Amino acid sequence: MPVPSRIGDETRTLSARPFGAAKRFPILPTPNLAWNKDTEAATAHLYERVAKVMPAIEWPFHAPYVKAINELKRERNAVILAHNYQTPEIYHCVADFVGDSLQLAKLAATSDAEIIVQGGVHFMAETSKILSPDKVVLMPDMDAGCSLAASITGADVRALRAEYPGVPIVAYVNTSADVKAEVDICCTSSNALKVVESLGAERVIMLPDRYLAENVAAQTKVKIIAWHGACEVHERFTAEEIQSYRADHPGVKIIAHPECPREVVDISDFSGSTAAMIDYVRMKKPARVLLVTECSMADNVAAETSGTEFVRPCNFCPHMKRITLPKILDALVHIREEVTVDPAIAARARVSVQRMIDLG
Ligand code: 13P
Ligand code: SF4
């Protein structure tokens, strides 16, 4: 499988324009963040949701923020979208919608809220803005990037198009808006194979994740031309590591995200998007499971699951972990940082995202 050698630069070309939305939404006073009997009583039901994965001693640090955020998002007519890799206090206690990249993209478009706070990384916020151009989309931390999105630019895609004339180009949603604007269709880890095969082409360019491309190539007759990007979290898993977990934990079911190297996926029992991994645990109820993905996912699933032991290899996504409760509160108080996408680029990017959604 040829891997083009150009390396793209970090492309935050459609960057935040802080405070733009603050003209429409006045800054509010910072809420009282005391830990007291009222806060304890108001949040006790939410602590129940995370009690399996969070020691009680930690809750007084989170609870004042949880209470303030939940009050403020109602006042602001805002919703919080949280990716499955967000920490349990965000995922279970303040999020309105949770899911994988595809689910979040669709939910962003259906919500009636005026403001979306993205619990996730920058490309997800851009996708929300592309699908909901009239909503204010806020990133609690603009530096929450992604090694995949940073690996390729719109100019790189144009060069690929020139090098492979007539070959359709599929972009993983983990890309910037200007990359989405240059491609024929988007995909996520849950629909990549279906998207590739829907094109009816002998050859397809898949970017930017070389491992997702290899994992799709193993399941189809379509010849895949891959870019060389990788997820810095999933590429660190090795077959040796996974085999040693299997040896140390007899009977464990191993479920790997398709951003993992091919040899890891090959020796796993199942591979799928983060949502598909969660569904596997919910439906199959394995006695022991190992989720070969970002750490917080196992916490989030363990918090709501009984009777399953979670074996935990732990690779953190440093970008996802930039999103915290204090930063979410700050976003809601100050209405910052606002994510904007040039309308002309958004219109072209929307075609690529919508083609994917229309595939069902
Ligand atoms: P999915 O949630 O679509 O499986 O993507 C995983 C991921 O790495 C997102 O950053
Ligand atoms: Fe990007 Fe990987 Fe982090 Fe997802 S887990 S945001 S793909 S670096």
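The structure presented is a predicted model; accordingly, all values stated were derived computationally and were not measured. When a ligand or atom number is given, it counts from 1 through the structure's own listing order.
Between K73 and D96 there is a salt bridge, since at least one side-chain N of the basic residue sits less than 4.0 Å from a carboxylate O of the acidic one. The existence of a salt bridge linking E202 and K221 is excluded, since no basic side-chain nitrogen approaches an acidic carboxylate oxygen closer than 4.0 Å.
Of all atoms in ligand 1, listed by their number and element, those nearer than 4.0 Å to a heavy atom of N174 are 9 (C), 10 (O). When each atom of ligand 1 is checked for a heavy atom of M320 under 4.0 Å away, the hits are 10 (O). Of all atoms in ligand 1, listed by their number and element, those nearer than 4.0 Å to a heavy atom of S189 are 1 (P), 3 (O), 4 (O). In the vicinity of S101, heavy-atom distances shorter than 4.0 Å reach the ligand 1 atoms 1 (P), 2 (O), 3 (O), 5 (O), 9 (C). Of all atoms in ligand 1, numbered sequentially from 1 with element shown, those under 4.0 Å from a heavy atom of S273 are 4 (O). Those atoms of ligand 1 with a heavy atom of M124 less than 4.0 angstrom away are 9 (C), 10 (O). Residue-ligand proximity, H257 to ligand 1, at heavy-atom distances under 4.0 Å covers atoms 1 (P), 4 (O), 5 (O), 6 (C). Within ligand 1, the atoms closer than 4.0 Å to a non-hydrogen atom of E259 are 6 (C), 7 (C), 8 (O), numbered from 1 in the order shown.
For atom 1 (Fe) of ligand 2, the nearby protein N/O/S atoms, meaning those under 2.8 Å, are C146 SG.
Taking all atoms of both residues into account, the shortest heavy-atom contact from L359 to S198 is CD1-OG, 3.6 Å.
Distance alone, capped at 3.5 Å, is enough to place a donor-acceptor pair between the K180 side chain and the V173 backbone. A donor-acceptor contact shorter than 3.5 Å is absent between the side chain of S111 and the backbone of L107. Of the possible polar contacts, one joining the R350 side chain to the I130 backbone as a donor-acceptor pair under 3.5 Å is found.
Within 6.0 Å of atom NZ in K194, 12 or fewer heavy atoms from other residues, nucleotides or ligands are found, so the atom counts as exposed in its surroundings.
Screening R246, R288, K284 for a salt bridge (charged side-chain N to carboxylate O under 4.0 Å, His left out) with D269, the sole residue that qualifies is R246.
Of the N or O atoms in D100, none lie within a sub-3.5 Å distance of an N or O in ligand 1.
A distance of 14.5 Å separates OH of Y91 from CD1 of I80, quoted to the nearest 0.5 Å.
Only the side chain of H83 comes within 4.0 Å of ligand 1, counting heavy atoms alone; its backbone N, CA, C and O stay farther away. Residue-level proximity to ligand 1 for V233 is absent, since no heavy atom of it falls below 4.0 angstrom.
For the ligand labelled ligand 2, residue E259 lies inside the 4.0 Å heavy-atom shell.
Side-chain contact between W59 and M54 is present, with at least one heavy-atom pair separated by less than 4.5 Å. Contact of the E294 side chain with the K321 side chain is registered, since non-hydrogen atoms from C-beta on lie closer than 4.5 Å. Looking at E114 and F25, their side chains come closer than 4.5 Å, going by heavy atoms from C-beta outward.
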